[in-house]
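Residues: numbered from 1 along the sequence shown.
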Amino acid sequence: MNKIIYSLFAVAALSIPPVTAQTVTPGEEGMAAYLMTYFSDSDHSLHFAVSDDGYTFTALNDNKPVISGDSIAEQRGIRDPHIYRGPDNRFYLVLTDLHIFGKENGLRDTRWERGDEYGWGNNRGIVLMRSDDLINWTHNEVRLDKLFPEEYSEIGCAWAPETIYDPKEDKMMVYFTIRKRGEKLPGGIDTDKKTRLFYSYADADFTTLVTKPELLFAYTDSTIQVLDANICPMPDGRFFTTFVAQENPAGIKIAISDNINSGHTIFPDQIDTEKGSCEAPNTWKRIGEDKWVIMYDIFSIKPHNFGFVETSDFVHFTPLGRFNEGPMKTTNFQSPKHGAVIQITTEEKKRLENHWKL
């Protein structure tokens with residue numbers, strides 16, 4: 001059922017060809033600030049932070065949720081929010097429908113939605129949202145097992161959805177991490193409880209998925225779990241995909257493709273600078289500069305923090321450190337999880353600040 005949500009809740013160098021063409025994000029000449037989405041383990045809800053310069057971020061609503069997870073998700077909590085500005089100048093949010101502390105918070109009798117049989121954090125759904133103004137949002141809960149029962153009735157999990165416009169299909173593409181319980185690949189390799197990357201297309205109103213999820217790409221080692229893909233258009237027309245390979249440690253790797261969902265060349269080196277494991281990469285462009293920031297969640301440290309590297313050619317990656325340990329700063333929040341950043345206009349930033357009384 002389609003609903004409107006009014007946000008009043010308290011709620012290393014790699015050996016790949018360098019990029020030589022210039023790029024300007026559509027409408028970038030009108031952009032003046034940045035909006036970050038993230039969530040917190042403490043409330044399983046959506047948070048916003050804004051920045052004028054792309055270096056210092058301030059949470060809106062005093063770091064309380066801007067949308068409460070229990071108002072939009074079947075599991076009464078969300079994770080992994082991703083925000084995207086579409087070619088229609090609307091904003092698209094996709095989120096994991098999952099509450100990992102459901103039992104502790106009295107939302108269910110078991111640790112996970114279906115006990116431990118389906119593994120860590122098992123869930124079957126994602127949340128699709130859309131807005132014209134960043135304040136008022138439609139939302140729809142999407143269950144993959146119900147939409148595609150022949151192949152996904154026994155789905156183990158659906159995590160970390162993201163959205164990108166596919167100009168060839170003229171549709172919004174939603175891509176995410178899926179674990180398909182009991183599946184085997186050709187050759188008899190057992191991939192039960194192995195996460196991989198899939199994509200699907202949404203309907204025109206962004207209320208549901210209309211195509212069966214298909215494999216985004218196969219990792220070079222089928223015994224390794226891969227997750228948390230993020231696709232960024234490159235200035236020469238190719239696509240720069242960051243993702244996580246759960247090796248030792250789990251870290252950020254890249255793939256390059258001429259096509260948005262096929263033909264990927266995967267490169268072996270991690271681009272993050274962490275000794276421990278990290279996840280949830282997100283690539284965003286600095287306004288008016290040929291610089292792209294790759295932001296990621298360092299879940300192997302306490303407290304959690306984000307790490308950053310920067311590139312101008314998608315070949316060399318310069319470390320920027322972590323939040324509040326280098327040029328990247330937060331002013332009124334700490335330990336964000338699974339973030340995403342988009343460019344916004346001065347008017348959009350003022351609208352958000354006025355609404356949340358910043």
Path from Trp112 to Tyr118 over hydrophobic side-chain contacts below 4.5 Å: no

Lys329 atom NZ: more than 12 heavy-atom contacts under 6.0 Å: yes

Within 45° cone of Tyr152 ring axis and under 6.0 Å: Arg124 NZ or CZ: no

Asp109, CG: over 12 other non-hydrogen atoms inside 6.0 angstrom: no

Between Asn324 and Thr330: side-chain donor-acceptor atoms closer than 3.5 Å: yes

Euclidean distance, Phe39 CZ relative to Asp297 CG, rounded to 0.5 Å: 7.5 Å

N-O pairing of Lys285 and Glu28 below 4.0 Å: yes

Salt-bridge contact Lys64-Asp43 (side-chain N to carboxylate O under 4.0 Å): no

Check: Asp97 side chain, Glu141 main-chain N or O, donor-acceptor pair, under 3.5 Å: no

Ser51 side chain to Thr56 side chain, donor-acceptor N/O pair below 3.5 angstrom: no

Ring geometry between Trp292 and Phe314 (parallel below 30°, tilted from 30 to 60°, perpendicular above 60°): tilted

Side-chain touch Glu279/Ile298, heavy atoms, less than 4.5 angstrom: no

Side-chain heavy atoms of Glu74 within contact of Glu113, under 4.5 Å: yes

Atom CD of Glu169: over 12 foreign heavy atoms under 6.0 Å: yes

Taking every non-hydrogen atom, the tightest pair across Val244 and Pro281: CG2-CD, 3.9 Å

Arg108 versus Gln75, side-chain donor and acceptor atoms under 3.5 Å: yes

Carboxylate-amine/guanidinium proximity below 4.0 Å for Arg143 and Asp145: yes

Point-to-point distance, once rounded to the nearest 0.5 Å, from OG1 of Thr331 to CZ of Phe323: 10.0 Å

Minimum heavy-atom distance Gly115-Thr110, with the two atoms named: N-OG1, 3.8 Å

Reference residue Tyr175; test side chain to side chain contact (heavy atoms under 4.5 Å, CB included); the match among Ile231, Thr241, Thr163, Val94: Ile231

Any donor-acceptor N or O pair under 3.5 Å, side chains Thr177, Thr195: no

Cluster overlap Ile271 with Phe299, hydrophobic side-chain contacts below 4.5 Å: no

Side-chain touch Asn105/His99, heavy atoms, less than 4.5 angstrom: yes

Residues Glu151 and Lys212 bridged, charged N to O under 4.0 Å: yes

Backbone N/O of Asp41 and side chain of Arg79: donor-acceptor pair under 3.5 Å: no

Main-chain N/O of Ile100 paired to His44 side chain as donor or acceptor, under 3.5 Å: yes

Contact summary for Thr37 and Pro81, nearest pair of heavy atoms: OG1-O, 3.7 Å

Whether Ser200 side chain and Thr211 backbone form a donor-acceptor pair below 3.5 Å: yes

Shared hydrophobic cluster, Phe333 / Tyr55 (ILVMFWY, side-chain heavy atoms < 4.5 Å): yes

Closest heavy-atom pair and its distance - Asn63, His47: O-CE1, 2.9 Å

4.5 Å side-chain heavy-atom contact, Ile254 and Gln270: no

Check: Ser45 side chain, Ser68 main-chain N or O, donor-acceptor pair, under 3.5 Å: no

Asn261 backbone acceptor or donor facing Asn259 side chain under 3.5 Å: no

is_close_aromatic(Tyr34, Trp284), centroid dist under 6.0 Å: yes

Ile78 reachable from Leu107 in the ILVMFWY side-chain graph, under 4.5 Å edges: no

Reported CG-to-CZ distance for the pair Leu35 and Phe57, which is rounded to 0.5 angstrom: 9.0 Å

Plane angle bin for Tyr92 and Phe206 - parallel if under 30°, tilted between 30 and 60°, otherwise perpendicular: perpendicular

Side-chain donor or acceptor of Asn332 paired with backbone N/O of Ala59 under 3.5 Å: yes

Within one Ile-Leu-Val-Met-Phe-Trp-Tyr cluster: Leu215 and Leu209, side-chain cutoff 4.5 Å: yes

From CD (Gln343) to CE (Met31), nearest 0.5 Å: 6.5 Å

Side chain Glu348, main chain Thr345, donor-acceptor under 3.5 Å: yes

Ring pair (Phe, Tyr, Trp, His ring centres under 6.0 Å) assessment of His338 paired with Tyr38: CA-CA 6 Å; His338 207 115; Tyr38 60 97; over 10 Å; no

Interatomic spacing from OG1 in Thr346 to CZ in Arg351 - rounded to 0.5 Å: 11.5 Å

Considering all heavy atoms, the nearest Pro149-Ser153 contact: O-CB, 3.1 Å

Phe308/Tyr296 under ring pair (Phe, Tyr, Trp, His ring centres under 6.0 Å): CA gap, chis, key distance, verdict: CA-CA 6 Å; Phe308 304 85; Tyr296 48 88; 7.3 Å; no

Rounded distance [0.5 Å steps], NE2 in His304 versus SG in Cys278: 11.5 Å

Expected output: side-chain Tyr84 to main-chain Tyr165 donor-acceptor under 3.5 Å: yes

Ile342 side chain reached by Phe91 side chain, heavy atoms, under 4.5 Å: yes

Flag, side chain of Asn122 to backbone of Cys157, donor-acceptor distance under 3.5 Å: no

Short side-chain donor-acceptor distance under 3.5 Å, Ser131 and Asp133: yes

Parallel, tilted or perpendicular, as decided by the 30° and 60° cut-offs, for the rings of Phe217 and His264: tilted

Heavy-atom side-chain contact between Leu352 and Lys350 under 4.5 Å: no

Check: Thr96 and Pro161 side chains under 4.5 Å, non-hydrogen atoms: yes

Audit row: Glu154, Lys180, salt bridge (charged side-chain N to carboxylate O under 4.0 Å, His left out) steps and yes/no: CA-CA 7 Å; Glu154 293 298 318; Lys180 295 169 69 175; over 6 Å; no

Salt bridge Glu247-Lys253, side-chain N to carboxylate O under 4.0 Å: yes

Within-4.5 Å side-chain heavy-atom neighbours: Tyr201 and Val174: no

Under-4.0 Å salt bridge between Asp62 and Lys357: no

Over 12 non-hydrogen atoms of neighbours within 6.0 angstrom of CD in Glu325: yes

Verdict with supporting geometry, Lys337 and Asp80, salt bridge (charged side-chain N to carboxylate O under 4.0 Å, His left out): CA-CA 8 Å; Lys337 290 188 65 65; Asp80 317 325; over 6 Å; no

